[in-house]
Amino acid sequence: MANGAFVASTLVMVALLAAVFVLVTRAQAVRAYSHTLGVKARGVAVGASSQRGVRVDPKMTLAALVIIGFVAAAAVVGPDPTLFVAAVGILVLAYLAWGVYYLGRSHGLGNAHAVGLSAWFMSMVAVLVIAVKLLVG
């Protein structure tokens, strides 16, 4: 079990991260942003309305919170959090895959093209991981 000071510092960092998240999502610059691609993307209001700007995707927020939760759980579990490290790695890769898919959809790609873009990106990540593994040992 982790000592009290480590758990307290983890809770303080989570509180600071939550505060930064709230401040960034509430900032006027985020609400006033609008892309110039001329497409109507899911999750982005485009047009002459007063609600113009970027909305936070709840699935991406939930994914980030799950990753943070797994990291916190791994810190509390103990010295050998192999399961949690593997789960966090999988969650980070899933988060990246969803982000690339969402980016493709927001830039006007169709569903199949966005899935293909996400699969291509994940294959490049796999090649990079294999290359690093071969170089490092």
Side-chain angles (χ1 to χ4, degrees):
M1 189 72 179
N3 63 13
F6 186 67
V7 173
S9 68
T10 301
L11 292 176
V12 168
M13 290 306 295
V14 167
L16 287 174
L17 184 64
V20 167
F21 176 76
V22 168
L23 288 174
V24 168
T25 56
R26 300 283 181 205
Q28 181 65 27
V30 173
R31 285 194 303 243
Y33 173 80
S34 64
H35 63 84
T36 59
L37 295 174
V39 297
K40 184 170 184 176
R42 188 170 48 118
V44 178
V46 179
S49 69
S50 63
Q51 297 294 330
R52 198 174 168 156
V54 175
R55 293 188 319 215
V56 176
D57 184 20
K59 289 178 243 171
M60 295 295 272
T61 304
L62 180 65
L65 292 176
V66 166
I67 290 171
I68 292 168
F70 267 93
V71 170
V76 172
V77 164
D80 189 28
T82 308
L83 175 66
F84 287 109
V85 170
V88 167
I90 291 170
L91 285 172
V92 167
L93 288 177
Y95 187 76
L96 284 173
W98 177 256
V100 171
Y101 169 79
Y102 192 77
L103 181 71
R105 292 289 290 164
S106 69
H107 280 83
L109 292 179
N111 191 31
H113 288 102
V115 168
L117 178 66
S118 182
W120 173 82
F121 180 76
M122 285 296 108
S123 67
M124 291 297 107
V125 169
V127 166
L128 218 131
V129 167
I130 291 169
V132 167
K133 182 94 171 149
L134 288 173
L135 289 173
V136 173

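Given the structure is predicted, the values throughout are model-derived calculations rather than measurements. Numbering starts at 1 and runs along the sequence shown.
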Asker: Scan for side chain to side chain donor-acceptor pair (under 3.5 Å) pairs involving residues 116-126, sequence neighbours excluded, and state none if there are none.
Answerer: none
Asker: Distance-only criterion, 3.5 Å: show the donor-acceptor pairs between side-chain atoms of residues 126-137 and protein atoms not counting sequence neighbours.
Answerer:
none

Asker: Where do Y101 and N111 come nearest, in terms of heavy atoms and distance?
Answerer: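 For Y101 and N111, the tightest heavy-atom pair comes out as OH-OD1, 2.6 Å.
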Asker: Does L103 have any side-chain contact (heavy atoms from CB on, under 4.5 Å) partners at least two apart in sequence or in another chain, and if so, which?
Answerer: S106, H107
Asker: Only distances under 3.5 Å count here; give the side-chain donor-acceptor pairs of residues 6-16 to other protein atoms, sequence neighbours excluded, each with its distance to 0.1 Å.
Answerer:
residue: S9; atom: OG; partner: A5; partner atom: O; Å: 3.4
residue: S9; atom: OG; partner: F6; partner atom: O; Å: 2.9
residue: T10; atom: OG1; partner: F6; partner atom: O; Å: 2.8

Asker: Quick check: closest heavy atoms across L96 and M122, and the distance to 0.1 Å?
Answerer: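 Looking at all heavy atoms of both residues, the shortest contact is CB-CE, 3.8 Å.
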Asker: Is it true that Y95 and L65 fall in one hydrophobic cluster, defined by side-chain heavy atoms closer than 4.5 Å?
Answerer: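 Result: no, two separate clusters.
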